[in-house]
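Notes follow the structure.
All chains are named by letter (A, B, ...) in the order of the sequence lines, taking the proteins before the strands, and each is independently numbered beginning at 1.
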Amino acid sequence: MPKNTNFKQVEAKWQRRWEESGIFDAEPRGGAKKFFLTVPYPYTSGPLHIGHGRTNTVGDIIARFKRLQGYNVLFPMAFHVTGTPILAIADSISKSEGEVVKLYKEYVSIYEGGDAASAARVEETVRSFTDAARVAEFFAARISEDFKRMGYSIDWRRKFNTTEPIYNKFVEWQFKKLYDKGVIKKGKYPITFSAADNSPVGEDDIEEGDTNKVSIVEQTTVKFEVSDGSGSYLVAATLRPETIFGVTNLWVNPTAKYVKVKVRVRAGEEIWWVSKEAAEKLSYQREGVAVLEGETEEEGGFFLGKVVKVPVAGGGREVPVLPASFVDADVGTGVVYSVPAHAPYDYIALEDLKRSGVLKRSGVLKRLGVLDAEIEPIKIIEIEGYETGLPAKEICERLEIKSQADEERLEEATQTIYKDEFYRGVLNEKCGEFAGVKIAEIKDEVKEWLKRENKGDVFYETSRKAVTRGGGKVVVAVLQDQWFIDYTPSWWKERGHKLVDGMTFYPAKYKAYMHEIIDWLTLRPCARKRGLGTRFPFEQGWVIESLSDSTIYMALYTVAHLLRGLPVESLTEDFFDFVFLGIGDAEALAKAAGVETGVEASVLKRVQEEFKYWYPNDLRHTAPPHLSNHLVFFLMHHAAIFPERCWPRAITLNELMIREGRKISKSKGNVIPLAKVSELYGVDLFRLYCAINADFASVVNWREQDVDALGRRFNAVVELFEDSLTAECATVERATVERAKGLREDELTHADRWLLSRFYRTLKETVERFAAFRIRDAGINLVFNLMNDIRHYEQRASVERRKRLVRCVLEEWLVVLSPIVPHICEEFWERLRLQLQRQRSHDSFVSLQRLPEVKERFIDDRVEREEEFLAALVADIKEILRVARISPKPRKIYIYTAEQWKWEIFKAVKDLPEREKIRKAVRVRGRKGEEKSTVDFVKQLVKSKSGLEYFELVEAEVLEREKEYLKGEFGCEIGVNEEHDPLGKRRFAIPLKPAIFVEGG
RNA sequence: GCGGGGGUUACCGAGAGGCCAAAGGUGGCAGACUCAAGAUCUGCUCCCGAAGGGGUUCGCAGGUUCGAAUCCUGCCCCCCGCACCA
């Protein structure tokens, strides 16, 4: 910890001052360029952690930098409440579900902990969470505190949440616009559903739904007519409809229960046999499904020995129904068709049967007229790599699978064969019109054909067995009248592409990616039956879904604080049309609205003006996972609703944050709440780490070790600042910026000039990098590189001189550094101001400064080259001392600079290819008898790395000037170009690389 | 499988034809300071070297080039999306 700076106090002090002074409250300003930056609002279901901190911090850094560039910056924030998760939390807490209650007690304790009464307060708060609105309210309030504590320069006056009336009105307006464009549509849609709750379920409702996602899998059902004259069908479900041509039998589980259901199909009604479980699922997926009561429930054994018709190839082929233990009545229809040539399960089950002799004894084969023969697999897919015959057989042998009880390896075999056959397999001649086509290309066609021929249908299954947190079974239901947004119209896609073309993406690769996403977009459900949010305006009972309601809300920021003063009833479609699209006339609108609400035309104009001032959204900053959902909707909805001048200008994306090399997640137990950052690390250090540890395209790895190391660096910077403010330093020179610079230029030593040159060069680069969003490079420059230069300078000059010189550039340094570590910069800015108040008055906030002018005249190549020359020389001497083991101290060091003729040759050959150098050199020197030394020199020159780059320098002069420094550095006498040269080293000197002779002690 | 990103000297991580034995950081070693520890500073940290040099390195194997960590070809491996599955 630096001597005179308490980070926590500094943070609190400046956060208070920023808030009191309202300097980040953005108002339209005539003349000023505006910059409107947004970062997606946080979801208020719980506390944010440091991972969320990265994106928001980077957003703030950009906002602050843009202010320094002179923009009038609007950086607003709001809170996302819409959707089911918060509702699910409230439900769980209402039901006193232990885990959820415990988790939320933990969450609340982050904020409410710390004293004796806290337990009771936490208890009470969590109890209030039975009301979803309280959950959102509580966390919205805490998150905004967190953000303030992170030093974010947000205009909080414009905050809102996504369930409040102004937002509802706004979203309603958006949907009306989309509806008018004809893209809001209705259709069928499968969802995960809980029968027990008679309600759709999302990730948050499902047990372990967050860690082990449940998705919806589309299976194909195939109907096999039972050959008993009943006209009923055994209905098998499959993920591989293309294998229908290779069916040899059906499988049922002999111990499972099967029922007859009446099913309405296109042609009328049919009787299906499926497992009891499947019958229930079907009832959620189709209309007109009825289980036939009474006599129809049978165990699987009922079917054994029966024969069914395969519905392809004319429908004539008959196959037996056989028992298999691997069939799960609760997966699919509980009936599986068997393709032993290509499905490892089927192959092994058949082998099991053959081995046990059941098959022969059952007599079923006899009935089929295949006396004594066994059932033979039918191979229908040709694939390289499975040469010996049957793929299923081959892989079972390869994996040494012996029976259907070996489920683990059977799974593996199934996976492998699926992938191989899907991508490389080709249907063979047994597959009729589909023969000769790759599975990957034909699968869907077979599926469609089965449906078309009324031989097959669709059945949805969950990707794994799942239950809700309440214990209810999760099944797939098909909503018959789901509302969608249809992104397929070509006018829309074209506008979307055009919008993207006109934008900047950083990293740039995401631009092409976004074009692709737009092409892929099709239908997107946009309303749900439950959850918090805006009522769907076109049908009762639906709520607008949470990604669909947060697409163009940036527009609302521009006017949210103004809308608050208006009656909600006045926020009509006409109102928003006027404000956002400039449709209509303020007076007329005021008159129409004014009758009931009294909103004056001048107010309407003011609202419209503010929108027009701030829009478009100049930059949206977020993380890549948003690209294929939120961001594409953000862009497409702008493309649909707004005129081109209101289209977003840029998107920047930073990767996520991990901790100690691992993903940050609740289940890993490695979450650090954002609220703890100040206490554990300090906010400025956190911000610096976010800025410096990785560029946008890379993951930030939060490693304690690295954080500590950076903390030490940061402390060193702060101490450096402190040092330069000490009284001595100030009195020595009265080192005001003006006068120090005016250390009259003739007073500046070479080292002084060097440091100033380094500083201004760095400053210039830093600003360029900042402007290109290369925040990491900018930060590294400002902290690491400058500190290294200063350390070097200190050794060249002195600590005292360093303090004075740093003092000269401190002000400018603070300004450019302030976007990253604003608190400490404000603090030193103020200390400077207090120190200098008699000579100069500063503005009170570094946050409100402009980027310093780069003093080009201090950027001096010559000075830097001289210093490099010197540093290389010092390094060479050290190397010699080390290798020659001259210690402790040499008696004297002799330095010999290159003779003039060498410089002449150097200059003459510098740009020539190596082959020509020698010839040219000999010609330039032009003296007989000197050829050998000339050639030796050129050879040396070619070998020497430092000599390669030509730069004119009067070496002896520099050395004379720096003699004292060299003496100090090596603690001995230094001789420059003296006669004494016992080992004849002089002749090895080349330009910029003097020869050296060290006389040992 | 498709798309994207990678594999660099103990670790993290820059570098994208010559100025590269390769920034910076971490860790390690030695020294300075200190009663001591910590912090800080200095030096070293691929191998050899009693003179600033030489040798071998940037996933593997080839190639282009006067010259390759950097460009090309093939291969192996890892990560992330998506798809496909279960």
Which nucleotide, in any strand shown, forms a Watson-Crick or G-U wobble pair with B:rG1, with both distances under 3.5 Å? B:rC82
Main chain of A:N785, side chain of A:N781: is a donor-acceptor contact present, judged purely on distance under 3.5 Å? no
Between B:rG43, B:rA50, B:rG25, which nucleotide has the shortest distance from any of its atoms to the side chain of A:R885? B:rA50
Atom CD1 of A:I658 to atom P of B:rC80: distance rounded to whole Å? 10 Å
What integer number of Å spans the C1' atoms of B:rG43 and B:rC58? 26 Å
Can you tell me which nucleotide in B:rG25, B:rG52, B:rA50 comes closest to the side chain of A:D876? B:rG52
With rounding to whole Å, what would you report as the distance between B:rA32 and B:rG24 at their P atoms? 25 Å
Between A:E973 and A:R891, is there a salt bridge with N-O shorter than 4.0 Å? no
Starting at atom CG of A:D519, determine the distance to atom P of B:rC82, rounded to an integer number of angstrom. 18 Å
Spacing of A:N785 atom CG relative to B:rA23 atom P, expressed in whole Å: 13 Å
Side-chain N or O of A:R882 versus OP1/OP2 of B:rC44: is the shortest distance under 4.0 Å? no
For B:rG31, give its Watson-Crick or G-U wobble partner with both distances under 3.5 Å, or none. B:rC41
Rounded to whole angstroms, how far apart are CZ on A:F784 and P on B:rG24? 11 Å
Check ion pair A:E866-A:R862 (N to O, under 4.0 angstrom): yes
For A:N701 and B:rA14, what is the distance between atoms CG and C1' respectively, to the nearest whole Å? 16 Å
With respect to the side chain of A:Q795, which nucleotide from B:rG24, B:rU26, B:rU42 is positioned closest? B:rU42
Is any side-chain N of the basic residue among A:E765 and A:R761 closer than 4.0 Å to the acidic one's carboxylate O? no
Considering only NZ, NE, NH1 and NH2 on the basic side and carboxylate oxygens on the acidic side, decide whether A:E242 and A:R240 come within less than 4.0 Å. yes
Among the candidates B:rA50, B:rG52, B:rG25, find the nucleotide nearest to the side-chain atoms of A:A709. B:rG25
Categorize A:P507 for me: base, sugar-phosphate, or nothing, with a 4.0 angstrom heavy-atom threshold over every strand shown. nothing
Taking only side-chain nitrogens and oxygens of A:K443, does any of them come within less than 4.0 Å of OP1 or OP2 of B:rC85? yes
If you measure from the C1' atom in B:rU34 to the same atom in B:rA23, how many Å do you get, rounded? 33 Å
Assign A:A995 to base, sugar-phosphate, or nothing according to its heavy-atom contacts below 4.0 angstrom with the strands shown. base
Side chain of A:K509: nearest nucleotide among B:rA51, B:rU40, B:rG4? B:rG4
Whole-angstrom distance between B:rA16 and B:rA22, as gauged at atom P: 16 Å
How far does the P atom of B:rC75 sit from the matching atom of B:rG18, given to the nearest Å? 28 Å
Checking A:D789 side chain against A:R758 main chain: does a donor-acceptor pair fall under 3.5 Å? no
Looking at the side chain of A:R713, which of B:rG25, B:rA14, B:rG52 is the nearest nucleotide? B:rG25
Would you classify A:V998 as touching base, sugar-phosphate or nothing, given that sugar-phosphate means primed atoms plus P, OP1 and OP2, and contacts are heavy atoms under 4.0 Å? base
Distance in angstrom units between A:E719 CD and B:rC41 P, rounded: 9 Å
Inter-nucleotide C1' distance (B:rC12, B:rG27), Å rounded: 10 Å
Would one find a side-chain N or O of A:R703 under 4.0 angstrom from OP1 or OP2 of B:rU26? no
Span that lies between the C1' atom of B:rC84 and that of B:rC2, in whole angstrom: 11 Å
Pairwise 5' ranking along RNA chain B for A:L983 and A:Y345, keeping only the more 5' one: A:L983
Whether the side chain of A:D777 engages the backbone of A:F773 through a donor-acceptor N/O pair (distance < 3.5 Å, no angle test) should be reported. no
Any idea which of B:rU26, B:rU42, B:rA51 is nearest the A:Q705 side chain? B:rU26
For A:Y513, report the nucleic acid contact type (base, sugar-phosphate, nothing); a contact means any heavy atom under 4.0 Å. sugar-phosphate
Nearest of B:rG52, B:rG27, B:rG13 to any side-chain atom of A:R776? B:rG13
Nearest-nucleotide 5' precedence on RNA chain B, A:R712 against A:I780: A:I780
Rounded distance (Å) that lies between atom P of B:rA23 and atom NE2 of A:H792: 18 Å
Considering only the C1' atoms, how many Å lie between B:rA30 and B:rC19, rounded to the nearest integer? 31 Å
Within the distance-only criterion (no hydrogens, no angle test), does the side chain of A:R801 pair as donor or acceptor with the backbone N or O of A:R796 below 3.5 angstrom? no
Which nucleotide, in any strand shown, forms a Watson-Crick or G-U wobble pair with B:rC71, with both distances under 3.5 Å? B:rG63
Could you state the CD1-C1' distance from A:I216 to B:rC85, rounded to the nearest angstrom? 16 Å
